[in-house]
Novice: 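Mind looking over this structure? Questions follow.
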Amino acid sequence: MSEIHGRQARSGRPTSAADVASRKLSAREVVGSIGPGVITGGADNDPSGITSYSIVGATAGFAQNWLLLLSTPMLIVVIEMSARVANVTKSDLATLLRTTFGRAVATPAVLLMVVPSVITMGADLLAMAAAFQLLTGIRYIYSVVPMAALMALVTIFLDYRVVSRYLLWLVGFLGMYIVAAFLAKPDWLDVARSTLVPQVSLTPDYFLAAVAMLGTTITPYLFFWQTSGEVEERRGVQQLSRAKVDIAAGAVWSNVTAFFVIVATGAVLYSHHAHIRTAGDAARALEPFAGHYATTIFAIGIIGAGLLAIPVLAAASAYGVAGLAGWRRGLGRNPKNAPQFYIVIGLSFLVAMELAVSSIDPVKALFYSQVLNGLAAPVIIVLVLLLTSSRKLMGDFVNSTLTNVIGWATAVVMVLADLALVFQVAAKGLPA
């Protein structure tokens with residue numbers, strides 16, 4: 001750490017957290033800050049996430065919009081800690097867990113991220129194929145493999161810079177849900193009231209939907225992707241201000257997208273008591289009430305979300321496994337120079353394809369992946385908090401008091417969500 005600080009001092013660049021925090025960004029620098037944080041925020045709304053938000057809108061209307069306001073600062077803080085520890089140490093999260101806490105801690109933490117991520121990839125592929133069938137009439141079974149193969153080829157054989165630009169363009173597809181929400185013609189006064197004034201209904205359906213929303217928003221693979229993305233970008237501590245802007249923009253865009261998905265489905269499906277199980281069901285159900293364009297836009301949004309999220313899920317899994325094993329890794333490396341890393345990516349896609357074309361119920365796959373994400377999230381959040389609170393590791397860039405308060409509050413909220421989910425499963429059983 002002292003060597004790093006010494007090089008910074010000789011170059012005349014910021015050498016302390018105070019110097020970095022006081023640096024003002026120009027308008028051009030703000031625009032240039034867009035990168036892994038925005039990709040992280042966009043990838044947070046994968047087709048499985050859209051499914052969860054659609055079910056929330058269909059079953060609870062706008063009543064849980066206030067949870068998006070609650071989770072936004074939580075998401076920002078957790079992702080910012082992940083970015084900061086990467087920029088200070090120049091290491092990805094899996095490597096830091098292994099070198100700081102040992103394999104006994106790192107291995108289960110990585111597995112708790114990888115397993116639900118691959119399951120989610122399978123559920124996402126199926127949702128994309130169902131949306132494609134809705135648009136074209138081609139049976140979903142015939143589009144799963146081509147979609148997966150295309151994304152695998154892009155992820156494995158293109159350089160990180162090209163892949164990141166591809167992912168950034170796809171973030172814009174999530175804007176489709178803003179259009180869909182306006183086509184649904186909601187009562188905007190009711191939307192505003194539900195968003196700003198918490199409404200709590202002590203019913204199992206409401207509580208389970210709330211747990212699903214939080215579990216979908218704060219997921220472990222985002223932490224691993226963000227740290228690895230920062231290492232790939234090589235931003236370093238000098239650009240922490242830019243990283244913060246990037247992360248805040250991504251988290252806000254993530255929850256804004258979720259907000260409009262809930263508005264679109266809540267305005268139409270909740271009032272008509274429509275029963276949906278998937279995002280494809282939501283797209284189809286919108287047509288009689290909001291028109292064909294709303295259905296088309298919703299379906300295109302699902303495909304765009306999958307094209308963005310699935311490569312991120314696969315890469316996050318590979319970063320985790322490779323960091324745990326100490327292999328060479330990075331989307332900026334040629335596959336010949338990091339074969340194990342790219343083999344993990346390829347295997348992730350193969351397993352996801354098998355899940356998507358098998359007889360596994362996609363709703364159950366989504367449910368179990370959310371359960372695993374919910375169990376893993378507080379554990380990994382605590383580990384990230386411990387890493388970023390270590391002055392030995394972080395130097396002057398340790399957590400502020402506010403960051404620690406929000407970070408630990410996030411972990412507590414996620415634990416309470418886990419307990420609530422266990423209670424609901426015990427009371428009602430697993431979903432049919």
Side-chain angles (χ1 to χ4, degrees), residues 36 39-41 43-46 48-49 74-75 78-79 81-83 85-86 91-124 155 214-232 254 309-327 329-331 340-341 343-349 351-352 355 365-388 407 410-411 414-415 417-418 421:
I39 294 172
T40 297
D44 197 17
N45 288 320
D46 64 312
S48 295
M74 294 179 176
L75 184 60
V78 172
I79 300 302
M81 286 191 297
S82 301
V85 75
S91 295
D92 58 87
L93 183 54
T95 300
L96 287 169
L97 293 177
R98 172 172 56 84
T99 56
T100 305
F101 301 111
R103 293 184 186 275
V105 172
T107 300
V110 170
L111 290 176
L112 282 171
M113 180 273 295
V114 171
V115 173
S117 293
V118 175
I119 295 173
T120 301
M121 286 176 65
D124 286 350
T155 309
L214 289 173
T216 299
T217 303
I218 304 173
T219 52
Y221 76 88
L222 300 178
F223 316 154
F224 286 83
W225 165 261
Q226 187 67 44
T227 56
S228 301
E230 296 293 336
V231 173
E232 297 270 13
S254 173
I310 291 175
V312 172
L313 284 158
S317 299
Y319 280 121
V321 173
L324 179 64
W327 298 332
R329 56 204 170 275
L331 293 175
Q340 298 100 327
F341 172 78
I343 286 172
V344 174
I345 290 178
L347 288 174
S348 298
F349 275 102
V351 173
L355 290 173
L366 173 62
F367 175 81
Y368 289 123
S369 66
Q370 286 181 340
V371 169
L372 290 172
N373 279 328
L375 293 171
V379 174
I380 299 176
I381 289 171
V382 168
L383 292 174
V384 172
L385 278 162
L386 294 175
L387 288 173
T388 50
T410 304
M414 297 302 292
V415 168
D418 288 343
L421 188 58

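FYI, side chains are in, hydrogens and waters are out, and symmetry mates aren't considered; it's all heavy atoms of this structure.
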Novice: What's the shortest heavy-atom distance between Ala377 and Met414, and which atoms?
Specialist: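 For Ala377 and Met414, the tightest heavy-atom pair comes out as CB-CE, 3.8 Å.
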
Novice: Shortest non-hydrogen contact from Val351 to Val118?
Specialist: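 Val351 and Val118 have their closest heavy atoms at CG1-CG1, 3.5 Å.
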
Novice: To the nearest 0.5 Å, tell me how far Glu230 CD sits from Trp225 CH2.
Specialist: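 Rounded to the nearest 0.5 Å, the CD-CH2 separation comes to 10.5 Å.
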
Novice: Ignoring hydrogens, what is the shortest heavy-atom contact between Pro220 and Ile380? Give both atom names and the distance.
Specialist: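 Heavy atoms of Pro220 and Ile380 come nearest at CB-CD1, 3.6 Å.
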
Novice: Walk me through it: do Leu75 and Thr217 pass the test side-chain contact (heavy atoms from CB on, under 4.5 Å)?
Specialist: CA-CA 8 Å; Leu75 184 60; Thr217 303; 4.2 Å; yes

Novice: Does a side-chain heavy-atom distance below 4.5 Å link Val85 with Val384?
Specialist: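 Val85 vs Val384: side chains apart.
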
Novice: Going from CE on Met81 to CG on Leu386, what distance comes out if it is rounded to the nearest 0.5 angstrom?
Specialist: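 It comes to 10.0 Å.
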
Novice: I need the Ile218 CD1 to Ser254 OG distance, nearest 0.5 Å.
Specialist: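 It is 10.0 Å, given to the nearest 0.5 Å.
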
Novice: Grab the two heavy atoms, one from Thr155 and one from Pro311, that are nearest each other, plus how far apart they are.
Specialist: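 Taking Thr155 first and Pro311 second, the nearest heavy atoms are OG1-CB, 3.4 Å.
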
Novice: What pair of heavy atoms forms the shortest contact from Gly320 to Ala94, and how long is it?
Specialist: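 It is O-CB, 3.3 Å.
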
Novice: Out of curiosity, Asp92 CG to Ser82 OG, how far, rounded to the nearest 0.5 Å?
Specialist: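 These two atoms lie 11.5 Å from each other.
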
Novice: Are the side chain of Asp124 and the backbone N or O of Ser48 linked by a donor-acceptor pair below 3.5 Å?
Specialist: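 The answer is yes, because a donor-acceptor pair under 3.5 Å joins these two groups.
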
Novice: Looking at Ser317 and Val114, what are the two nearest heavy atoms and their distance?
Specialist: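 Scanning both residues completely, I find the closest heavy atoms to be O-CG2, 3.9 Å.
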
Novice: Applying side-chain contact (heavy atoms from CB on, under 4.5 Å), run through Leu387 and Leu93 and close with a yes or a no.
Specialist: CA-CA 10 Å; Leu387 288 173; Leu93 183 54; 3.8 Å; yes

Novice: Working to the nearest 0.5 angstrom, can you tell me the gap between Thr107 OG1 and Leu112 CG?
Specialist: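 If we round to the nearest 0.5 Å, Thr107:OG1 and Leu112:CG are 11.0 Å apart.
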
Novice: Determine, stepwise, if the pair Ile79 / Leu222 fulfils side-chain contact (heavy atoms from CB on, under 4.5 Å).
Specialist: CA-CA 7 Å; Ile79 300 302; Leu222 300 178; 3.9 Å; yes

Novice: Do you know which of Phe224, Phe341, Phe223 makes ring-ring contact (aromatic ring centres under 6.0 Å, His included) with Tyr319?
Specialist: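 One option only clears the test, and that one is Phe341.
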
Novice: Show which side-chain atoms of residues 96-106 pair as donor or acceptor with protein atoms under 3.5 Å away, not counting sequence neighbours.
Specialist:
unit_1 : atom_1 : unit_2 : atom_2 : d
Arg98  : NE     : Gly323 : O      : 2.9
Arg98  : NE     : Leu324 : O      : 3.2
Arg98  : NH2    : Gly323 : O      : 3.2
Thr99  : OG1    : Thr95  : O      : 2.9
Thr99  : OG1    : Leu96  : O      : 3.4
Thr100 : OG1    : Leu96  : O      : 2.8
Arg103 : NH1    : Leu324 : O      : 2.6

